[in-house]
Amino acid sequence: MMINRGKPSLILIALPAVLFFCLNTAWSQSADTAKTWQGPQSLTLLASAPVALIPFPQEVLWKKGQYLFKKKVVIRYLEKDAERVANALRVLTTFLHHYRIAFQSLPVSVNGFPEQADAITLLIDENMSLKKEGYRLHVNDRGACITGKDATGLYYGVQTLRQMIIEKDNRYALPACLITDWPAFGLRGFMHDNGRNFQEIASLKKQLDRLSAYKFNTFHWHLTDNPAWRPQSNIYPQLNEVKNRKPGRDPEKSYSFDDIRELIRYARERAITVIPELDMPGHSAYFQQTFGFKMETEQGMQVLEKLIDEFCSEIPASDCPVIHLGSDEVHIQNPSAFIVRMTARIKANGRKPMVWNPGLPPEKGTIEQVWRDDLTRGILRTGSNPYVDSYAGYLNSYDALSLVQRYFFQQVCNKEKGDSAALGGILCCWPDTRVDDKEKIPLYNPVWPGALTYSEAVWCGRPQPGEHYMAALPAATSTAGRYFHEFEMRLASHRDRYFTGESFPYVRFGNIEWELKGPYYRNSQQKPETAFLPERNDAGTDTMKVRKIAGGVVRLEGWLDRSIIANGKANETVYLKTNIRSSEAKTIHVMTGFEAAVRSNRRSAGIPANGQWDANGGAIFVNGRELTGPQWQHPEGYRYLKPTWETPANEIPFTDEEFYWSRPPAAIKLKKGWNTILVRVPRTYLDQAWMFAFVPVRMNAAGRWVEDGSVLK
């Protein structure tokens with residue numbers, strides 16, 4: 001069974017010449033770039049790898065042979081380095097124990113180890129000609145040697161070794177190789193908002209374990225937001241009282257200073273620095289509820305200064321060298337005076353300040369975290385301050401599959417590698433809407449597919465911008481498409497190997513191709529489903545060429561310029577067509593759906609009516625017959641066409657049926673031979689997430705829906 005790139009037969013309606021020119025020019029420019037876009041490693045090197053590594057090392061020489069683990073492996077290191085190798089040793093022994101490989105730690109007192117079989121050697125060499133956090137990993141038939149530029153580099157070398165284990169016939173081996181690796185960017189972070197939705201320390205520790213395995217070195221901990229000030233306060237205990245917090249948002253939950261110190265200690269053992277964020281003066285409804293005045297008042301600033309002093313007195317600067325002040329999404333009468341005063345307090349406590357950009361005007365030397373979503377070209381910062389890139393890094397804004405292409409093609413900081421100004425990037429998880437079941441956060445905001453992909457972009461760097469493909473996937477046969485397909489294979493491998501029983505909402509989708517027709521315009525009074533019916537009438541002509549587009553998830557804003565096609569109104573419809581060949585009549589399953597709600601503000605047209613697939617009027621036709629939609633638990637519910645921040649709607653937890661990746665796939669009956677899939681995708685309001693998903697899936701032995709390899713090659 002296969003998907004064919006055949007031509008569709010649709011009603012063809014002439015479009016204005018200016019529209020035709022603009023759309024096709026943008027599309028052809030993207031197609032040309034797809035031929036030349038390359039990652040930091042060659043496709044030949046990536047294809048030759050015997051194991052799936054994420055992030056992929058900067059330099060690799062694969063050699064013939066392997067190291068086959070015998071009855072017991074010896075782990076050797078210098079006694080003088082015992083403290084510095086401790087974290088790497090802990091990871092190494094943990095995964096050897098997991099694979100039931102016997103081992104013995106053997107500290108030695110002299111350099112120049114003699115040759116010894118069945119040994120893994122851990123070394124630190126600060127004189128190596130590598131960047132900070134770099135390492136070399138050498139494997140031959142006698143064992144492995146990992147040499148780190150520093151303790152963190154050694155730790156990352158062990159993390160790479162952990163991914164190299166090959167299991168066959170109950171035997172374990174490492175492929176022979178010489179790896180030289182280092183990070184393109186010095187700051188590689190993940191942010192979690194626990195001000196709105198509290199998460200237990202035990203849960204955060206599990207996240208840190210995962211993050212460190214993929215070489216993240218920063219945990220940005222958003223500790224305060226409108227519902228609550230989460231850190232303990234002894235000088236203002238009323239901040240921790242339930243009555244001063246938002247009902248339904250874990251009002252009884254706080255992080256004690258012991259909790260905070262413990263998480264920082266745990267993170268440090270995993271080569272992660274914690275950046276706590278005490279958001280001010282916005283995102284602070286709890287503050288006025290508690291004190292009766294706002295943060296930007298003189299009284300408020302005095303309270304904040306004492307809270308900063310208290311936090312810093314409890315958490316040493318060595319554990320917490322940077323404190324984030326927030327400062328975004330707020331308008332106050334004294335912005336400069338406020339930020340100058342709070343920044344001075346941070347510095348007086350021996351810390352470096354960090355703020356969001358856009359936000360209040362930062363002081364000189366402050367780290368700026370850029371969060372706007374439209375900065376895919378040029379320099380992100382506007383002044384001389386160092387900056388961190390979060391411009392495309394909001395997990396809660398995109399669907400589970402297309403965010404992977406977004407992060408894969410992102411050039412962090414719009415640079416190939418970091419420097420003293422461009423520090424790196426932070427991926428952000430903002431589950432703004434109330435969450436009752438915290439285990440759903442990684443499912444709805446697909447944390448792990450996004451984090452693994454982002455780790456590759458920020459560790460490896462990108463030699464050239466890929467902004468074309470962050471929304472519009474390149475053709476599978478193009479150079480850029482081949483790079484994406486190769487990464488999809490590695491990502492699926494990690495899903496199946498390391499995330500068994502955990503939320504990892506991702507299936508490969510890059511090799512599906514469609515033919516796109518439209519947009520077709522309709523009268524504003526017409527319903528989307530009756531405006532144009534090419535699925536019923538195959539006559540007509542079109543001034544536009546058929547456009548072949550890629551991806552089982554199609555984000556139409558990437559292919560069609562909204563400002564050109566909309567003219568201030570949402571009144572267009574597009575059609576997508578592909579063909580599937582089946583060797584027999586059978587039923588397949590497909591992960592499919594239309595608009596997905598934004599997890600921060602619930603904006604979407606909501607759940608469709610029973611029997612339909614899309615609340616905006618979209619439909620799926622299989623061999624000319626409309627595919628009947630599900631019987632929904634909340635038909636025609638959750639319709640919010642405007643942001644719902646700080647409204648009752650944001651206090652309604654999401655459900656599985658609101659996202660195409662968290663509900664059961666659709667069953668589709670195929671006939672023997674060629675089957676035509678035609679999809680109508682209308683756009684009915686300006687802020688609609690104009691998209692469609694269609695990815696054949698099957699259930700694997702572990703009970704997880706994965707890509708159906710008989711359809712998706």
Quick check, are the ring centers of [X] and [Y] under 6.0 angstrom apart?
X      : Y      : answer
Trp356 : His222 : no
Trp221 : His324 : no
Phe692 : Tyr660 : no

Rounded to the nearest 0.5 Å, what's the gap from [atom1] on [X] to [atom2] on [Y]? Could you check?
X      : Y      : atom1 : atom2 : value
Glu486 : Leu46  : CD    : CG    : 4.0 Å
His220 : Asp193 : NE2   : CG    : 9.0 Å
Leu403 : Leu401 : CG    : CG    : 8.0 Å

Taking [Y]'s backbone N and O only, do any of them form a donor-acceptor pair with [X]'s side chain (distance below 3.5 Å, no angle check)?
X      : Y      : result
Glu329 : Pro358 : no
Glu707 : Val695 : no
Thr147 : Leu123 : no
Asp399 : Ser402 : yes
Arg495 : Val706 : no
Asn217 : Arg188 : yes

For [X] and [Y], work out which heavy atoms get closest and say how close.
X      : Y      : answer
Arg603 : Glu595 : O-OE2, 4.4 Å
Ala176 : Lys64  : CB-O, 3.5 Å
Pro446 : Leu395 : O-CD2, 3.4 Å
Cys413 : Gly424 : SG-O, 3.4 Å
Gly466 : Trp37  : CA-NE1, 3.7 Å

What do you reckon, is [atom1] of [X] surrounded by more than 12 foreign heavy atoms closer than 6.0 Å?
X      : atom1 : value
Arg482 : CZ    : no
Lys205 : NZ    : yes
Lys215 : NZ    : yes

Should Leu452 and Tyr498 be marked as a side-chain contact (heavy atoms from CB on, under 4.5 Å) after you check the CA-CA gap, both sets of side-chain angles, and the distance that decides it? CA-CA 12 Å; Leu452 269 62; Tyr498 300 116; over 6 Å; no

Could you check whether any side-chain heavy atom of [X] comes within less than 4.5 Å of a side-chain heavy atom of [Y], counting everything from C-beta outward?
X      : Y      : result
Cys320 : Arg351 : yes
Arg162 : Thr94  : no
Val330 : His283 : no
Leu263 : Leu208 : yes
Tyr214 : Tyr454 : no
Leu556 : Val554 : yes
Trp430 : Met191 : yes
Pro449 : Tyr407 : no

Verify side-chain contact (heavy atoms from CB on, under 4.5 Å) between Leu174 and Val51, making sure each step is shown before the conclusion. CA-CA 9 Å; Leu174 296 170; Val51 288; over 6 Å; no

Charged N to carboxylate O under 4.0 angstrom, [X] versus [Y]?
X      : Y      : answer
Lys206 : Glu502 : no
Asp389 : Lys415 : no
Asp209 : Arg270 : yes

List the steps and the verdict of side chain to side chain donor-acceptor pair (under 3.5 Å) for Tyr394 and Ser600. CA-CA 10 Å; Tyr394 281 16; Ser600 61; over 6 Å; no

Mind telling me whether Phe190 and Trp448 have parallel, tilted or perpendicular rings, with 30° and 60° as the class edges?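 Plane angle under 30°, so parallel.
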
Go through the side-chain N and O atoms of [X] and [Y] and say whether any donor and acceptor fall under 3.5 Å apart.
X      : Y      : value
Asn194 : Gln199 : yes
Arg406 : Tyr398 : yes
Glu133 : Tyr155 : no

